[in-house]
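When a residue number appears, it is its place in the shown sequence, counting from 1.
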Amino acid sequence: MRPAATLPRVPGPRRTTPGHRGDVVALAVEAVLLAAAVVVGLVLNRRGAGLHADAAPLYATWRPHAGWGTPLAVLVAVVVLGPGLRWARTARWGALLAAGWLAAVAWTLSLALVDGWSAGLTRRLTPQAEYLHEVPGVADIPRMLAGFTDRILDFQPDSWSTHTAGHPPGALLVFVWLDRIGLGGGTAAALFCVLVGATAAVSVPVTLRALGAADAARAVLPFLVLLPGAVWLGASGDAVFTGVVAAGLALLAVRGPVAALAGGLLLGFALHLSYGFVLVGVLALAVLALRRDRRRAALLAATAGVATVTALFVLAGFRWWEGYDRVVERYYQGWAAERPYAYWVWANLTALLLSAGPVLGPALRRTALAAVPLVGPALRRTVLAASRVVGRVRRLQPRGPALRRTMLAAGPVAGVTGTGGDGRGWVRVLGPTVLLPAAAALAVTTADLSGMSKAEVERIWLPFVVWLLVAAAHLPPPARRWWLAAQALTALAVNHLLFTVS
């Protein structure tokens with residue numbers, strides 16, 4: 001058994017096992033699950049089961065096509081897979097982040113342009129259900145905020161459109177503010193979504209590096225660039241949501257209370273972009289626990305930031321909890337009342353798979369395998385330490401200085417012997433490449449079981465998908481190019497076979 005002192009504090013991508021056969025099995029399971037979701041979806045649609053998704057499990061229509069974005073997308077993929085992947089291993093950090101963002105923008109734009117400039121970008125955010133439909137009617141922002149909740153329910157003369165009603169007012173505010181500064185209209189809004197959504201390819205690696213996993217940050221960045229979910233980042237409001245959440249979490253990871261306060265402000269605003277982002281709290285707690293210094297100060301600063309944004313919205317007349325109560329009612333006034341939970345509760349996972357890419361299953365499998373040899377010895381040490389403390393307490397009187405000394409000595413038991421004894425040893429041993437994907441998986445599972453995410457999760461869960469892909473750091477380096485190619489092919493296949501709807 002390795003001594004405790006030699007256990008790595010942050011498991012990086014090198015802590016993987018060969019297990020190529022296991023990866024193939026995971027890929028086969030994904031393929032079977034996807035095939036089942038497609039076949040069952042076809043059957044249910046023919047029976048008029050109310051899926052309201054022509055290409056279930058995706059919210060899209062079958063329409064094989066190509067466009068002048070096709071060669072551009074192929075070119076971006078080839079560059080990233082070839083010189084880009086090699087360069088990412090040794091490039092200067094600042095240059096790598098800048099190139100990563102530009103490549104993510106190019107990838108997202110090229111995929112959007114497969115549908116053409118108008119259908120892929122300009123008209124993507126202009127249908128009646130979208131936020132831009134409501135922008136011309138917002139002449140007074142304070143008045144809009146004060147009366148926002150009253151217009152959530154459907155079948156009223158002034159009911160909000162579907163997307164506006166389904167989210168807190170922060171989502172509408174983003175596009176109202178764009179309009180106020182002269183960037184109104186579908187084209188500007190779509191480009192803004194693409195530019196902000198692509199920042200996730202920067203924020204996630206920054207978070208990993210700040211948490212001590214620099215090698216993992218470099219390994220994960222290409223997977224964030226060639227994200228299959230970029231099909232929906234260009235262009236939808238969820239691209240903005242993804243960028244804001246990722247930036248907020250990155251600021252929580254960076255040293256200093258000012259950064260933590262800024263992260264809290266961003267996450268507080270994110271909470272007013274989507275009700276589902278209450279689940280981002282799981283990721284935020286994981287990031288704070290993984291910080292190496294001043295965790296308590298960072299937690300207080302982040303909490304102050306979230307509270308400040310919430311207080312401002314409350315003072316303006318919008319109360320998040322009241323809005324959520326109305327949204328649940330509005331949700332079941334529409335298609336959700338007909339969409340069968342028994343199908344979507346598992347078909348959602350295949351939509352997630354198409355958004356995250358086929359690498360998801362093998363990467364999560366390897367992440368779990370990387371955690372097992374770390375957890376076992378740590379668990380044994382913790383149990384032994386706890387048993388010793390219990391034995392000492394039993395031999396003492398219920399009061400007195402000896403008991404107090406014993407209870408103080410029990411503090412390290414909450415952690416792992418050899419990792420500092422501050423109650424956070426488990427976090428340190430597992431590290432960001434295990435805990436961040438685990439937190440994202442927990443958030444997605446909760447959202448799925450809630451019944452409030454029946455269909456369209458390929459875009460709705462994008463803010464969590466980028467953190468699930470942190471698990472790709474556990475893939476063996478020789479195999480990463482092939483998995484990255486599979487990611488690109490998945491995006492190209494989805495975008496050329498289907499016409500996706502945001």
Distance (rounded to the nearest 0.5 Å) between His496 NE2 and Leu111 CG: 8.0 Å
Backbone N/O of Pro478 and side chain of Arg481: donor-acceptor pair under 3.5 Å: no
Heavy-atom closest pair, residues Ala351 and Glu458: CB-OE1, 3.5 Å
Ring centre gap for Phe223 and Trp483 strictly below 6.0 Å: no
Side chain Trp107, main chain Leu227, donor-acceptor under 3.5 Å: yes
Trp93 atom CH2: more than 12 heavy-atom contacts under 6.0 Å: yes
Atom pair CG (Leu173) and CZ (Phe313), whose distance is rounded to the nearest 0.5 Å: 5.5 Å
Minimal non-hydrogen separation, His474 against Arg366, with atom names: O-CD, 3.5 Å
Ring geometry between Phe241 and His167 (parallel below 30°, tilted from 30 to 60°, perpendicular above 60°): tilted
Gap between atom CD of Gln487 and atom CG of Leu489 - 0.5 Å precision: 10.0 Å
Ser450 (side chain) donor-acceptor with Ala447 (main chain) under 3.5 angstrom: yes
Euclidean distance, Thr490 OG1 relative to Leu360 CG, rounded to 0.5 Å: 11.5 Å
Whether Thr108 side chain and Val105 backbone form a donor-acceptor pair below 3.5 Å: no
Donor-acceptor contact below 3.5 Å, side chain Arg319 vs main chain Val314: no
Derivation of the side-chain contact (heavy atoms from CB on, under 4.5 Å) call for Phe464 and Leu352: CA-CA 10 Å; Phe464 302 106; Leu352 170 69; over 6 Å; no
Rounded distance (nearest 0.5 Å) linking atom CG of Leu172 with atom CG of Leu145: 8.5 Å
Side-chain donor/acceptor of Asn348 to backbone N/O of Ser453, under 3.5 Å: yes
Closest approach of Val466 to Ala200 (non-hydrogen atoms, all atoms of both residues): CG1-CB, 4.1 Å
Distance-minimising heavy-atom pair for Leu468 and Pro437: CD2-O, 3.6 Å
Nearest heavy atoms of Ala216 and Ala473, plus distance in Å: CB-CB, 3.7 Å
Distance (rounded to the nearest 0.5 Å) between Leu96 CG and Arg89 CZ: 12.0 Å
Minimal non-hydrogen separation, Glu30 against Pro358, with atom names: OE1-O, 2.9 Å
Stepwise side-chain contact (heavy atoms from CB on, under 4.5 Å) check, Leu279 with Leu442: CA-CA 9 Å; Leu279 297 174; Leu442 176 60; over 6 Å; no
Ionic contact status for Arg291 with Asp293, cut-off 4.0 Å: yes
Side-chain donor or acceptor of Arg480 paired with backbone N/O of Leu85 under 3.5 Å: no
Arg459 vs Asp238, side-chain contact (heavy atoms from CB on, under 4.5 Å): CA-CA, chis, key distance, verdict: CA-CA 6 Å; Arg459 62 171 179 80; Asp238 296 274; 2.7 Å; yes
Worked check of side-chain contact (heavy atoms from CB on, under 4.5 Å) between Trp320 and Thr310: CA-CA 8 Å; Trp320 187 94; Thr310 302; 5.5 Å; no
